[in-house]
Colleague: 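One structure, as structure tokens, below. Some questions next.
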Amino acid sequence: MPKRASSDRWRIAPRAKLDLAALDAGSKAGAPGDKAATRMVSAELRARLDDLQARLYAEGSRSLLLVLQGMDAGGKDGTIRSVFAGVNPQGVRVATFKPPTSHELAHDFLWRVHAQAPADGEVTVFNRSHYEDVLVVRVHNLVPEQVWRGRYAHIRAFEQLLHDEGTTIVKVLLHISKEEQRRRLQARLDDPRKRWKFDRADLDERLYWDDYQQAYQDAIIRTTASHAPWYVVPGDRNWYRDWAVLSILVKTLERMDPQFPEAPAGIEGLIVP
Ligand code: ATP
Ligand code: MG
């Protein structure tokens, strides 16, 4: 029996039941030890990720897309900083999705997203993504219900296309509790180094917490697939979250098993003069 990958713990299987409210955002389940011990394991995973990324880049024929979603102050920025700290910046690209410009809004919702999809050999991180078009857009009725409801099928088709053309897709919800969001927003007010991140609009958005949870739950259930799985990662503890996302990425890349290309014929034994 193959050992059950620890990353399976957070994966949402197709047709599985999902109750976000029942998932403990402060969970430490499966962690290799306490905070210090887990951080040591994360350091090893970072080195492993660096090696796997180098292979993917050298192989140059497939790509990896990490979709990161979460509530305001959910830890997307911190996760990216921590998880990719040991990786060659040339092989990783972060695409951040803000509210669409009028030019972007004049196109279909996937237009700006598709343009950011990873090229062969690349690892691309979506900091927010096309999922905003069934999350914030749904919560605030930015388009008619019939339109956002139709988008789940468009998202599934889009991700199937990327998959069929050589992109491995991993989608992660950083799941924080409402109380943890309160703490983090308060810290943005109180800490001069974090104040620039404070956005008054986040306080208004917080009032829609339950609507967002419902929108996330529906989006995950409707779009998790074996070729584009959703993972719900408990996000209240940064050290646990970082280890979890690192574990998911390393496991995914190990399954891809990227290889350095074969040496071209005729260079065996060649000496550089
Ligand atoms: P943090 O979590 O640290 O606050 P952030 O991701 O919220 O960072 P911001 O610049 O504060 O970064 O917010 C980006 C905003 O863009 C979010 O409020 C998000 O809902 C909004 N957004 C992204 N994509 C879309 C979209 N397609 N339609 C409408 N709003 C969108
Ligand atoms: Mg924000």
Side-chain angles (χ1 to χ4, degrees), residues 25 65-84 93-117 124-145 147-152 154-155 158-159 171-220 222-223 232-238 241-242 245:
L65 172 61
L66 169 64
V67 172
L68 264 190
Q69 285 286 159
M71 299 290 285
D72 289 311
K76 299 181 294 294
D77 295 345
T79 300
I80 293 168
R81 193 172 57 231
S82 166
V83 165
F84 295 99
R93 194 164 54 80
V94 180
T96 301
F97 292 95
K98 303 281 181 184
T101 63
S102 55
H103 182 57
E104 289 168 342
L105 273 178
H107 297 78
D108 71 81
F109 77 104
L110 290 171
W111 180 77
R112 66 170 183 163
V113 179
H114 202 167
Q116 299 291 343
T124 296
V125 184
F126 281 1
N127 182 350
R128 299 192 188 267
S129 68
H130 44 301
Y131 283 94
E132 292 295 325
D133 293 280
V134 290
L135 294 167
V136 61
V137 167
R138 166 179 170 169
V139 168
H140 291 295
N141 301 306
L142 301 183
V143 299
E145 174 167 355
V147 174
W148 62 254
R149 281 210 181 274
R151 288 180 173 173
Y152 298 119
H154 292 308
I155 289 174
F158 171 60
E159 293 179 353
K171 304 178 288 195
V172 173
L173 166 61
L174 303 176
H175 176 55
I176 60 165
S177 62
K178 197 174 180 188
E179 173 56 18
E180 181 62 20
Q181 188 197 50
R182 189 195 63 71
R183 270 195 291 271
R184 292 183 186 183
L185 292 178
Q186 189 65 49
R188 288 181 180 185
L189 281 166
D190 297 345
D191 181 345
R193 285 174 49 94
K194 293 182 176 168
R195 204 162 293 151
W196 64 275
K197 274 200 157 200
F198 181 74
D199 182 354
R200 207 171 267 278
D202 290 350
L203 299 185
D204 300 326
E205 285 307 281
R206 190 169 151 76
L207 301 173
Y208 294 91
W209 179 273
D210 292 341
D211 293 344
Y212 272 106
Q213 297 298 304
Q214 187 63 52
Y216 265 109
Q217 199 163 295
D218 288 350
I220 291 170
R222 286 169 197 278
T223 62
V232 177
V233 166
D236 280 4
R237 291 183 166 85
N238 294 353
R241 169 202 77 197
D242 293 344
V245 176

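Whatever order the structure lists ligands and atoms in, that order sets their numbers, starting from 1. Residues take their numbers from the sequence shown, with the count starting at 1. Here the structure is a predicted model, which is why all the values come from computation and not from measurement.
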Colleague: Do me a favour and list the nearest non-hydrogen protein atom to atom 20 (O) of ligand 1 with residue, atom name and distance?
Modeller: Glu132 OE1, 3.1 Å
Colleague: Identify the protein heavy atom lying closest to atom 11 (O) of ligand 1, giving its residue, its atom name and the separation to 0.1 Å.
Modeller: Asp199 OD2, 4.3 Å
Colleague: So, do Phe158 and Val113 sit near enough that their side-chain heavy atoms are less than 4.5 Å apart?
Modeller: yes
Colleague: With heavy-atom distances below 4.0 Å as the criterion, list the atoms of ligand 1 near Lys197.
Modeller: 3 (O)
Colleague: My understanding is that only one of Arg138, Arg149, Arg151 makes a salt bridge (charged side-chain N to carboxylate O under 4.0 Å, His left out) with Asp218; could you say which?
Modeller: Arg138
Colleague: How far is atom 10 (O) of ligand 1 from its nearest protein heavy atom, and which residue and atom name does that atom have?
Modeller: Lys98 NZ, 2.5 Å
Colleague: Just jot down the ligand 1 atoms closer than 4.0 angstrom to any heavy atom of Asp133, in number order.
Modeller: 27 (N)
Colleague: From the options Arg200, Lys178, Arg128, Arg182, select the one residue that forms a salt bridge (charged side-chain N to carboxylate O under 4.0 Å, His left out) with Asp72.
Modeller: Arg128
Colleague: Is any NZ, NE, NH1 or NH2 atom of the basic residue among Arg183 and Asp191 found under 4.0 Å from an Asp or Glu carboxylate oxygen of the other?
Modeller: no
Colleague: Which atoms of ligand 1 have any heavy atom of Arg112 under 4.0 Å away?
Modeller: 24 (N), 25 (C), 26 (C), 27 (N)
Colleague: Measuring only between side-chain heavy atoms, which start at C-beta, is Glu159 closer than 4.5 Å to His130?
Modeller: yes
Colleague: Looking only at non-hydrogen atoms, find the nearest pair between Val134 and Ala215 and report the distance.
Modeller: O-CB, 4.0 Å
Colleague: Among protein heavy atoms, which sits nearest to atom 15 (C) of ligand 1, and what does the distance come to when rounded to 0.1 Å?
Modeller: Pro99 CD, 3.7 Å
Colleague: Give a yes-or-no answer on whether the side chains of Gln116 and Thr124 include a donor-acceptor pair shorter than 3.5 Å.
Modeller: no
Colleague: Given 3.5 Å as the limit, does a donor-acceptor pair link the side chain of Asn127 with the main chain of Val94, or not?
Modeller: no
Colleague: Within a distance under 4.0 Å of any heavy atom of Val137, pick out the atoms of ligand 1 and give their elements.
Modeller: 28 (N)
Colleague: So if I count the atoms of ligand 1 from 1 in the order they appear, which ones are less than 4.0 Å from some heavy atom of Pro100?
Modeller: 25 (C), 26 (C), 27 (N), 28 (N), 29 (C)
Colleague: Check whether any N or O atom of Leu142, backbone or side chain, sits under 3.5 Å from an N or O atom of ligand 1, and answer yes or no.
Modeller: no
Colleague: Identify the protein heavy atom lying closest to atom 23 (C) of ligand 1, giving its residue, its atom name and the separation to 0.1 Å.
Modeller: Phe97 O, 3.2 Å
Colleague: Give a yes or no on whether atom 4 (O) of ligand 1 lies under 4.0 Å from any heavy atom of the protein.
Modeller: yes
Colleague: At a 4.0 Å cut-off, with the gap strictly under it, does some heavy atom of Arg188 reach an atom of ligand 1?
Modeller: yes
Colleague: Do me a favour and list the nearest non-hydrogen protein atom to atom 30 (N) of ligand 1 with residue, atom name and distance?
Modeller: Val136 CG1, 3.5 Å
Colleague: State the atoms of ligand 1, each with its element, that fall below the 4.0 Å cut-off from a heavy-atom position in Lys76.
Modeller: 2 (O), 6 (O)
Colleague: Step by step, would you call Leu203 with Phe198 a side chain to side chain contact (heavy atoms under 4.5 Å, CB included)?
Modeller: CA-CA 9 Å; Leu203 299 185; Phe198 181 74; 3.8 Å; yes
Colleague: For ligand 1, note which part of Ala73 has a heavy atom under 4.0 Å away: side chain, backbone, both or neither.
Modeller: backbone
Colleague: Which label fits Trp148 and Tyr152: parallel for a plane angle under 30°, tilted from 30 to 60°, or perpendicular past 60°?
Modeller: perpendicular
Colleague: Identify the protein heavy atom lying closest to atom 7 (O) of ligand 1, giving its residue, its atom name and the separation to 0.1 Å.
Modeller: Arg128 NH2, 2.6 Å
Colleague: Give the atom numbers and elements of ligand 1 that come within less than 4.0 Å of a heavy atom of Asp72.
Modeller: 2 (O), 4 (O), 7 (O)
Colleague: Is it true that His140 and Glu205 share a donor-acceptor pair across their side chains at a distance under 3.5 Å?
Modeller: yes
